[in-house]
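Take a look at the structure set out below.
Each chain gets a letter, A, B and so on, in the order the sequences are listed, and its residues count up from 1.
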2 protein chains.
Amino acid sequence: MRTMTWNQHIVKKNNKALVLQLIMEKDPISRADIAQVSGLHKATVSSLVNELLEEELIFESGPGESSGGRRPVILHFNKAAGYAVGIDIGVNYVLCVLTDLKGNILIEKNQLVNRTPYPTILGIVQNMVQSLIDEMPSSRYGIVGIGVGVPGIVNKEGCVLLAPNLGWTNIQLKMDLENLFQVPVIIENEANAGAFGEQQFGAGQDYQNIIYISAGIGIGVGIILNKELYQGKNGFSGEMGHMIIDINGKPCSCGSRGCWEAYASENALLEMANTDSLESMIALAEDRNQTSHKLLGEIGTYLGYGINNIINTFNPDQVIIGNRLALAKQWIEEPIRTTIQNHTLAHHQKEMRIDFSKLGKYSTALGVSAFVVERFIKEEVKTS
Amino acid sequence: MRTMTWNQHIVKKNNKALVLQLIMEKDPISRADIAQVSGLHKATVSSLVNELLEEELIFESGPGESSGGRRPVILHFNKAAGYAVGIDIGVNYVLCVLTDLKGNILIEKNQLVNRTPYPTILGIVQNMVQSLIDEMPSSRYGIVGIGVGVPGIVNKEGCVLLAPNLGWTNIQLKMDLENLFQVPVIIENEANAGAFGEQQFGAGQDYQNIIYISAGIGIGVGIILNKELYQGKNGFSGEMGHMIIDINGKPCSCGSRGCWEAYASENALLEMANTDSLESMIALAEDRNQTSHKLLGEIGTYLGYGINNIINTFNPDQVIIGNRLALAKQWIEEPIRTTIQNHTLAHHQKEMRIDFSKLGKYSTALGVSAFVVERFIKEEVKTS
DNA sequence: TTAGTTTGTCTATCGTATAAACTAAGTTTA
DNA sequence: TAAACTTAGTTTATACGATAGACAAACTAA
């Protein structure tokens, strides 16, 4: 056992990370501002900033506005120092984005697929990533990594243990992609990635404890506590789609009964409606079709039951509803809120926000891209 | 805004805390061992140890066994440097313990109460604590604090917002006790405290992510993630007793329907059995009374449903069942395990432990006492 | 002009961890 | 039994990073 030990190197590393983080967050910022806001001495800031300049993680632009004395030198985060690839593998699509270090999408590739055996998907991914790399502008660090979001159970070693809707078991996705592209690869569950995406760039930027509900064909949940993703012992946390909300309820494909996702997922909706597309349901509802309206409302209510459980469990700052069912916001928001009001403990409702995804279909891809960038920054600041 | 900044003082503080923690954990330990296991240089260890000796947080005993050279000086944690008071306020009792800094109980006071208006309870607590203080051995730091576990919703400012089974609302318990005894006071939800108690001294000592189920008159849950208590935004986390497990189920006192504690708590059991004591139910079961046996089994099954939800949500290392229903371990363990096996996702079951409380009725009192000690140690190491 | 202010750098100093020499006290070996 | 080796712990010198404060640069205000 070798416990965490503390020395000056750690101090420097952390201060450097702090300075960089401040520059990233408040982009046009001067050395003096950093010193004031961080509490570090201006000499310390100066030396750390100079190192970051040499590493091209930041750059200077001309002098800024004077506030009664010498004009400050304005610093910027060099979001183009490298690029990250974020991939969202869905049941009938693969979405692939190239982002800069701030999560802006530069290039986007989207491909529909009808069958999902692993070799097929791996081939598609390989082609998409290769074409992103070919089109990518040149930069100091190039591709800093590849992130992939998968609708299934992923362990901490980047192996997809089970993705029922893709028909995958024990897929060594991380290993395969690292062999193909020789860059760090991060594999995450799609809901975990979506949670991180919304927390970094979307609806959850101002909050500490966020539960993100990925309500699609199934339901998965991403748990952000104290701004960090909680993964559980093996990385399997958030399988709340298989939370029992009806002990005598209908059987679920997982072998249990009364699971939340058997009532509140897109699949459940389509089954109830006996139709085959969420979009057509929404179109019908917009045409004032009473049945569609009612069914969407029921889905909202069922979602509300599960969210009640989430709120009473986690006492979060915010619950974010994302993925496909967020498209039906107009029809499900009201029943969700009503259900919460009627069931959830009063103290837990105070100051608690329920929001819908802001990133839409990009939540997952941007989330994994952000994981990649985070790892890169941590590694870069450390080794110098 | 003043962000966390890093300097040498922090380094020293953390290293000192690390050294102290190692001494606490591996009690008979030498300076050389600490250096090896921590990775710190032996000179550093030596100087930190000397400071801790001056503060009387540790002490030396004679030389230990030689391992081929000079004999090491054995260091011990001075568990008698001060004492903590842990109080568990239940619906019909107040339990009050005096512990040393390692959580050993020196004195214990137990008092049954039949009604629980706040002034009455406060008076009882005051008397009990005062007599503990009177009987307490003298020590360098004396009483380092008082911790109280309460069956209700406690905010982070130590105010009991709601304790339905005690009939309390908005009780300024922390303030009142600090005024009475002039020492730091920590108020916590009973389940949170129990979780911490079991993690520190009981069934959960070897695990990182633990969910402790306090199954008593109601059900509360304490959440330990990465060895730390998770409290949520306001401190209200873990109200999983009011997780809906049956959407069309029976009404609960909270105003909702189908709450877990309406099915799996002691209250639920007594209602089903139409009797008034868990102990008599258990006695009957031991006399091979079929009805009692069956009812206890049903409670086990219902507990299992909720634990299923917990495991799928948190992917914990361990679930600990504590409080009153743990007394019925013999009758409920089997149905719990069967329910999990039949419902919970297979990957989540692997390496997952389900255990029963080891501290019994002391979980909560020892938990709050441990909170107090933790705060004291952190404070002591910092200021020097 | 001149004085004051703000930004940023440079130099000296301080605090902490570390390396290495050293002392202390044992064990092993010839 | 003495010499060589081992291990424990301390002392002294050094390295490294943050900080304080002096300083220079570049601006504003009067």
Side-chain angles (χ1 to χ4, degrees), chain A residues 2-19 22-23 26 28-54 58-75 381-382 384, chain B residues 2-19 22-23 26 28-54 58-76 381-384:
Chain A
R2 180 143 298 227
T3 344
M4 186 64 178
T5 149
W6 302 76
N7 54 34
Q8 295 108 307
H9 300 291
I10 308 258
V11 170
K12 179 168 181 188
K13 201 183 87 182
N14 281 284
N15 281 336
K16 196 163 160 185
L18 174 61
V19 168
L22 281 174
I23 299 174
K26 331 223 162 188
I29 191 172
S30 68
R31 290 170 174 78
D33 290 339
I34 295 172
Q36 221 201 343
V37 77
S38 70
L40 291 168
H41 195 269
K42 48 189 184 155
T44 310
V45 171
S46 220
S47 102
L48 293 174
V49 160
N50 286 336
E51 285 187 22
L52 290 170
L53 281 169
E54 274 181 23
I58 61 174
F59 64 90
E60 298 182 332
S61 67
E65 285 292 289
S66 162
S67 60
R70 172 175 166 180
R71 293 162 69 186
V73 177
I74 300 299
L75 301 170
V381 172
K382 193 169 71 190
S384 76
Chain B
R2 177 142 302 224
T3 343
M4 186 63 178
T5 154
W6 301 77
N7 54 34
Q8 295 106 307
H9 296 95
I10 308 256
V11 170
K12 180 169 180 187
K13 201 183 88 181
N14 282 284
N15 281 335
K16 197 164 161 184
L18 175 60
V19 168
L22 281 174
I23 298 174
K26 331 224 162 187
I29 191 173
S30 67
R31 289 170 175 80
D33 290 339
I34 295 173
Q36 222 203 342
V37 77
S38 70
L40 291 169
H41 196 270
K42 49 185 185 160
T44 311
V45 171
S46 220
S47 103
L48 293 174
V49 160
N50 286 336
E51 285 187 24
L52 290 170
L53 281 169
E54 272 182 25
I58 62 175
F59 63 92
E60 297 181 333
S61 67
E65 285 292 290
S66 162
S67 59
R70 171 174 167 180
R71 293 163 69 187
V73 176
I74 301 299
L75 301 170
H76 301 273
V381 172
K382 193 171 72 190
T383 59
S384 76

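Protein atom NE2 of A:H9 is 13 Å distant from nucleotide atom P of D:dA15, rounded to whole Å. As a whole-Å value, the separation of A:K12 NZ from D:dT19 P is 14 Å. In this structure, the NZ atom of B:K16 is 11 Å from the P atom of C:dA17, given to the nearest Å. When the C1' atom of D:dG17 is taken as reference, atom CD1 of A:I10 falls 13 Å away, rounded to whole Å. Straight-line distance from the CZ atom of A:R31 to the P atom of D:dA24: 19 Å, rounded to whole Å. C:dA17 atom P lies 9 Å from atom CD of B:E51, rounded to whole Å.
Closest to the side chain of A:A32, from the set D:dT19, C:dT7, D:dA8, is C:dT7. The listed nucleotides are C:dT23, C:dG8, D:dT19; the one nearest the side chain of B:R70 is C:dT23. Each of D:dA22, C:dT18, D:dG9 was ranked by its minimum atom distance to the side chain of A:K42; first place goes to D:dA22.
Residue B:T44 places at least one side-chain N or O under 4.0 Å from the OP1 or OP2 atom of C:dT18. Put simply, B:N15 has no side-chain N or O that comes within less than 4.0 Å of OP1 or OP2 on C:dT16.
Using a 4.0 Å cut-off between charged side-chain N and carboxylate O, B:E51 and B:K16 make a salt bridge.
Between the side chain of A:T44 and the backbone N or O of A:L40, no donor-acceptor pair lies under 3.5 Å. Judged by distance alone, with hydrogens and angles left aside, the side-chain atoms of B:R71 form a donor-acceptor pair with the main-chain N or O of B:G64 at under 3.5 Å.
For A:N14, there are no side chain to side chain donor-acceptor pair (under 3.5 Å) partners at least two apart in sequence or on another chain.
The residue B:V45 sits apart from the nucleic acid: no heavy atom pair falls under 4.0 Å.
Base pairing analysis places D:dA30 opposite C:dT1; the two distances defining the Watson-Crick or G-U wobble pair are each below 3.5 Å.
Place A:R71 and B:V11 on DNA chain C by their nearest nucleotides, and A:R71 ends up nearer the 5' end. Of the residues near DNA chain C, A:H41 and A:G69, the one whose nearest nucleotide (by heavy atom distance) lies more toward the 5' end is A:G69. Nearer to the 5' terminus of DNA chain D, by closest-nucleotide assignment, is the contact made by A:S47 (compared with the other of A:S66 and A:S47). Where B:S30 and B:G68 each meet DNA chain D at their nearest nucleotide, the meeting point lying more 5' is that of B:G68.
Between B:V19 and the options B:I58, B:I34, B:I29, a side-chain contact (heavy atoms from CB on, under 4.5 Å) holds for only B:I34.
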